[in-house]
Amino acid sequence: MPNRLHQAVDLLVAALVAGTSTFLWQLVVSPAIALWISTLFAAIYYFSRNPWGSPRGEEYNEWIDDLYDRYLP
């Protein structure tokens, strides 16, 4: 079970995913659609910690947890 700091960093990363992808998607589609797509990407990351639906989700999760353990208290 990740601690609260790990969850806070996950939330920050999800916000960065949403912000960045909103900016990039609005160059291609309308801003409303870009916001919807970006929210979906952020939710996928935050709630499943399985970025972009990859079948290697557990591998990503272990890598992210190791990174958190290395740099966060």
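Because the structure is a prediction, the values reported are computed rather than measured.
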With a 4.5 Å cut-off on side-chain heavy-atom distances among I, L, V, M, F, W and Y, is there a chain of contacts connecting Trp63 to Tyr71?
yes
Quick check: is Leu27 connected to Leu16 through a chain of hydrophobic side chains (ILVMFWY, heavy atoms under 4.5 Å apart)?
no
Quick check for you: to the nearest 0.5 Å, what is the distance between Gln26 atom CD and Ile33 atom CD1?
12.0 Å
Would Asp10 and Tyr45 count as a side-chain contact (heavy atoms from CB on, under 4.5 Å) if you check the C-alpha gap in whole Å, the side-chain angles of each, and the deciding distance to 0.1 Å?
CA-CA 8 Å; Asp10 278 342; Tyr45 176 81; 3.4 Å; yes
How close do Ala34 and Ser38 get, counting heavy atoms only, and between which atoms?
O-OG, 2.8 Å
Which value, rounded to the nearest 0.5 Å, describes the distance between Phe41 atom CZ and Thr22 atom OG1?
10.0 Å
What is the distance from atom CG of Leu5 to atom CG of Leu12, rounded to the nearest 0.5 Å?
10.5 Å
CH2 of Trp25 to CH2 of Trp36: how many Å apart, nearest 0.5 Å?
10.5 Å
side-chain contact (heavy atoms from CB on, under 4.5 Å) between Val9 and Tyr68: does it pass, once the steps are laid out?
CA-CA 9 Å; Val9 173; Tyr68 285 176; 3.3 Å; yes
Applying a strict under-4.5 Å side-chain criterion to I, L, V, M, F, W and Y, I'd like to know whether Ile64 and Ile44 cluster together.
yes
